[in-house]
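All values derive from a computational prediction rather than experimental measurement.
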Amino acid sequence: MHKILEFQVVVLAAGKGSRMPDVGGSVSKCLLPVGPYPVLWYPLNMLEKIGFQDVMIVVLDEDKSNILNALEKCPLKIKYELIVIPSEEDWGTANSLKHVSARINTDLLVISGDLITNINLNDVLNLHRKHDACVTTLFFNNGPEEWIELPGPKTKSKPDRDLVCIDKETERLVFLASASDFEENVTIPRLLVKKYDALSIYSRLLDAHVYVMKHWILDYIVDSEKFTSIKGEVVPYIVKKQLTKPNNLVEKKGTSEKNAEINKGIFDYAIETGYERKIREISAYNDHKHGNKGVYFNDTLRCYAHIPSKNTFAIRVNTLSSFYLSNNKILSKWQDLTGSSLFERFHPNSEVKTKQIDDNCTVGEKTIINEKTSVKNSFIGSNCNIENKVRLTNCILMNNVTIKESCVLQDCVVYTGATVGTNCSMQYCLIGPHHLVPESTKSNHQLHAETTDNMITLG
Amino acid sequence: MVDAENYLVQPEKPFTATQRRRIRRNRLRFAKTDCVDILCTINKIQNKTKNNPEQGHIAVIENNKQEYKVEDALRSVVIKDFDESILQKMSSNEIPPKSRDEIKAARQAKKAAKLKVNNKTTENPQLTKEIENLNENNINSKPKVESTDEVDKSVVINPNAVDISTSREQIKADRAAKKSAKQLKKKGAADGESNVQSSVKKELKEDDSVKQNEDMTVKDVVETLKNIVSVAKEVNEITTKQEETGKSKAELRAERRAKQEAQRAAKQAAEKKVVKPKLEAPTVNVDVPKKEEKVIKSKTLEKSKTKLQLAQRFNWFQHLYTEFDKNPLKKIPINSNLHPAIVKLGVQLSSRVVKGSNARCIALLDALNKMVRDYVLPAKTEFSRGLESHLASSLEFLWTTREPCASQINAVKFFRHHLAQLPNNVDEFDAKKTLQEEIDRYIREQIEMAGEAISIAVRNKISNGDTILTYGCSSLIEQILCEAWEAGLQFRTLVVGSRVSPDAAEMLRRLCARGLPCTYVDFTAVNYVMKTVSKVVLGAGALLANGAVVSAAGTAGVALAARARNRPVLVACHTHKFIDSLYTDAFMHNQIGDPDDLLEKSDDNSPLKDWRSNLNLTPLNLTYDVTPPCLITAVVTELAILPCTSAPVVLRFKLSEYGV
């Protein structure tokens, strides 16, 4: 039977990792390894777990083949379709959405491709359905990120913060802005204070980049052509527009047909076809206690934000610290995140000859780990070669890495195709893709990569 | 009994799963009949004691006490009483044929109790029975065989189970029993029971001596008495339970089956563990008791879990908790065959965003409308059949989120009626168009226009200077009052609400927003304000065939208060809420609201805050109540103002007019 889909899913995986340190060469963010699988696998797995059958993944042109290869090796039943956007042009998320808009004819669920969480997305969807919202988002309130000593040169990175204002009782999102937009004072619209008895303002929430949207919002994005980013522009705009009243119908009739076409505002898209308005009017429900306004203050646009309880696990792999942290924690949370236990820590095609490898390690396909090596808490990608007498502690080795004899690596991240010469000793180092570390290098908190000045450039 | 024996004799043979299941079921059946037997005998005994004029007084007291024997604190006292009562009964019947009956009963009770002592953990006769059987297997199942024989034999059995060597304990127990009897005597002295009790004591002694003559040890007597008490307690518990829950046999059976299944699972798990020692040691008998212990532990664990969940359910309303058990929102299928509008409506119904019977009806029809609009007919299917099956699955989902109300049932009936009337070879487009038009027509005629008609009818009954009292929130009443106000009538409105539901406050807000002069009073003040009221106008959720009105909980109270003051009670009700079912109380059909609504949420120090941790506290939040027809002056429908007993006429009229 022909199904009428309720939600279509778009996974945005075309990020370039602008918040990651520049290690020379291109590393696609969604293919960074977290535990045995790339980051992108986790949101897909989550979607599969709650019952989605198809997803669209927006990827960069250049990454397409890599991603296809990587996903084929992962255990996934969900059908995915890669949609390519050009890598040269710096497209924002809204542009990506515009690109796929032709294929979407239902409400929309947008998920960032770097989200690892154990939340049940049904909660978000139910919130959306419950209030017939136009946009529903998801934030995590997990407190400040754990401090962890990071590999690479020490930097002071300032995370982006958002100011999120929520009516706690109904979870209505009433104010959203980036903290960097304000210097000293934050002005909150007076109307908000008038409307709500109590508002909670958060500044340390982790934005999950999960958006449930009505289909007409997509139409609006496509038509208005002024948006490039969903998070930065579209959602704040809609949140702000909740406060304004739609223009009077009478007024609009006065203007000519042509004018109306041009001035088509967001409210002209938010059209309800059925009896929704009447139902809202006669239902005995009301979401607020005071004042003489009807339910939802008679607002046409309604945005909601779900904040799950504090002990949910959520991480967005978009910075070096979150990347490193997620690898640190992934195995202990595995069951919780994926709903199944990890069966194969070592890929069947790998050769692990040493016995000194503990349970917190994973080894990828066709990797050779020679004898007399000691591996602890490390994730080793595929096609790696680890020679004799190597000691690895808390390391992340991506694919095609070669570690020569007698190396000692501690808390290092070795990118794809890098080679570490014999007898190196490194702590907290980043080794860029296809870089060759000369023999007997000793370093601490260094970046070894082929960047322009060959050292320390961080975005 | 004999059948049970047959099963019990062959424990060495390995059973298949089905055999084992059958055996267990049989055992349970016997356990049940045993229970009933014991019950009967105890009743007999009581009757006998009642016949005895001296002791009748005590017996009555005991009966009363038994009924209230729920709490543990009470229980110990009652046990004493009961202990004593049985002493009396034992002693009072000195005539041989009678005593035989009693001894039989005692023996049966004792047996059960003994086994109960053996496994300590259970209150459940089924479990005890099982353990019993197993124990008996160890003792070559003698006691059972002899159970129908004479007293002496049962006495012989006793030492088998309990250590004979503990003669000191026997004496101690004996002393304790005497002491308790004395204490009771002291207590009862004021009531003039002392005579009876002393006589009881004497008789007891006599009894003892008699029994000693019969080669019965004192310990046996004491123990039997104790056992009787415990069994009697048990039986009493069971009976009270049964009485309270009022469960049908089928329900009980289903419960038992569920329990059985849990037990079996536990057993299997335990067996798996024990497989290895079994192989090593050929003497299986040695292993059996250990295994049982494990099983019992796991069983009690499981039981306690489910008990905790079930404990805070109001016994009379167990059948209403189905919605709570399902918790449908957690597992809504994503992108399934259900139409998105249906899923959305399900969430809204469940979270009470759409409430009130008119809103629910319109929302349902709206969702159906969208479903019809987007329905794609599979190849080679008749339109009405294809849509009917689709409709059935959608409704099934919707009703799990919230039970349908009368208006929804009628709307579905109407929709099905029109669906069935579509000709076989109808074009898909035409069929959709017809159905959508019918839905629109239904909403327009049955709800909107009918509402207007009712509004006019009630308006004619309102005169200037009136005070109108209304309860809760009803979209129809709101419409009536607002339109009357806008028509220039001068009246005052009293909105009555309860603390539990915010509906009345919402009603007040809506009326105030339209400029009506309103007063809000709490439900507790209804009686006080009723004297100032000239008319009571109430909304309805459904009107039953006997004229009773199902409406938000509290409506009946308001109607009663109005009747007491002799104020006219008008119920405004669309005819699409008339329904041909019939019930006279709010117990049969009702809905359990969120128990947390009963709490004052703003108050962090509310004593009810952590009610979930107090097992003796059961908040019950019923959604509806039933107002009997005698409290209602008239029902205002779009057809006419009718006495509510003419509901059947309306139903018949609608049947002839609309076919539904």
Side-chain angles (χ1 to χ4, degrees), chain A residues 1-9 47-55 78 105-107 109 120-133 169-170 197-198 214-215 272-296 298 302, chain B residues 329-341 343-348 350-356 358-360 362-363 365-367 369-371 373-378 381 386 390 440 443 447-448 472-476 478-479 501-507 509-510 512-514 552:
Chain A
M1 201 187 111
H2 177 75
K3 265 197 220 174
I4 295 125
L5 297 178
E6 189 177 11
F7 295 105
Q8 282 178 302
V9 191
L47 291 169
E48 181 187 311
K49 217 171 62 182
I50 66 163
F52 283 105
Q53 284 135 6
D54 305 272
V55 289
I78 194 167
N105 44 24
T106 66
D107 288 0
L109 172 63
N120 184 356
L121 269 187
N122 257 329
D123 296 342
V124 185
L125 297 181
N126 279 342
L127 182 68
H128 184 78
R129 291 164 178 149
K130 179 179 170 187
H131 297 294
D132 202 11
E169 212 165 292
T170 56
D197 321 340
K214 283 257 152 112
H215 183 250
E272 286 167 333
T273 50
Y275 289 88
E276 285 90 349
R277 185 170 204 94
K278 186 169 175 66
I279 295 165
R280 272 203 304 277
E281 270 169 16
I282 64 174
S283 170
Y285 173 81
N286 204 325
D287 64 337
H288 58 281
K289 281 184 187 141
H290 306 289
N292 56 5
K293 290 276 169 55
V295 65
Y296 306 123
N298 304 328
R302 293 180 293 277
Chain B
L329 286 194
K330 282 279 167 200
K331 42 190 179 213
I332 290 179
I334 283 168
N335 288 347
S336 64
N337 286 328
L338 299 174
H339 191 274
V343 177
K344 193 179 85 185
L345 176 62
V347 174
Q348 290 184 332
S350 174
S351 56
R352 307 287 191 267
V353 167
V354 172
K355 60 180 178 183
N358 276 335
R360 282 164 74 182
I362 295 181
L365 287 170
D366 187 41
N369 196 350
K370 284 174 182 159
M371 190 185 89
R373 187 192 64 199
D374 296 339
Y375 179 71
V376 178
L377 188 65
T381 320
H390 192 51
D440 284 336
I443 294 177
I447 299 172
E448 292 175 357
C473 185
S474 154
S475 55
L476 181 59
E478 180 200 341
Q479 187 188 356
S501 88
D503 290 1
E506 176 60 23
M507 181 78 169
R509 181 214 313 274
R510 289 178 187 182
C512 285
R514 302 287 279 271

Distance, nearest 0.5 Å, that separates [atom1] of [X] from [atom2] of [Y]:
X	Y	atom1	atom2	value
B:Ser351	A:His131	OG	NE2	7.0 Å
A:Leu109	B:Ile334	CG	CD1	8.5 Å
B:Lys344	A:Glu276	NZ	CD	5.0 Å
B:Leu345	A:Arg129	CG	CZ	12.0 Å
A:Tyr275	B:Glu448	OH	CD	6.5 Å
A:Ile279	B:Ser475	CD1	OG	11.5 Å

Segment of B:Arg373 engaging chain A (4.5 angstrom heavy-atom cut-off): side chain

query: Given a strict heavy-atom distance threshold of 4.5 Å, which part of B:Ser474 is in contact with chain A: side chain, backbone, both, or neither?
result: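 Neither part, no heavy atoms under 4.5 Å.
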
Chain A interface, residue from [options] that has the most non-hydrogen pairs under 4.5 Å:
options	answer
B:His339, B:Lys355, B:Gln348	B:Lys355
B:Val354, B:Asn369, B:Ile443	B:Ile443
B:Asp366, B:Leu365, B:Asp503	B:Asp366
B:Ala363, B:Gly356, B:Gly386, B:Gly346	B:Ala363

Checking the side chain of [X] only, and the main-chain atoms of [Y] only, is there a donor and an acceptor separated by less than 3.5 Å?
X	Y	value
B:Glu506	A:Ala284	no
A:Ser283	B:Val353	yes
B:Arg509	A:Asn286	no

- request: Provide the closest heavy-atom pair for B:Arg352 versus A:Tyr285 in the form atom of the first, atom of the second, distance.
  value: O-CD1, 3.4 Å

Chain B contact via [X] - which portion, at a heavy-atom distance below 4.5 Å:
X	result
A:Asn122	side chain
A:Asn120	side chain
A:Asp132	both
A:Lys278	side chain
A:Leu121	neither

field: B:Val343 vs A:Phe7 side-chain heavy atoms within contact, under 4.5 Å
entry: no

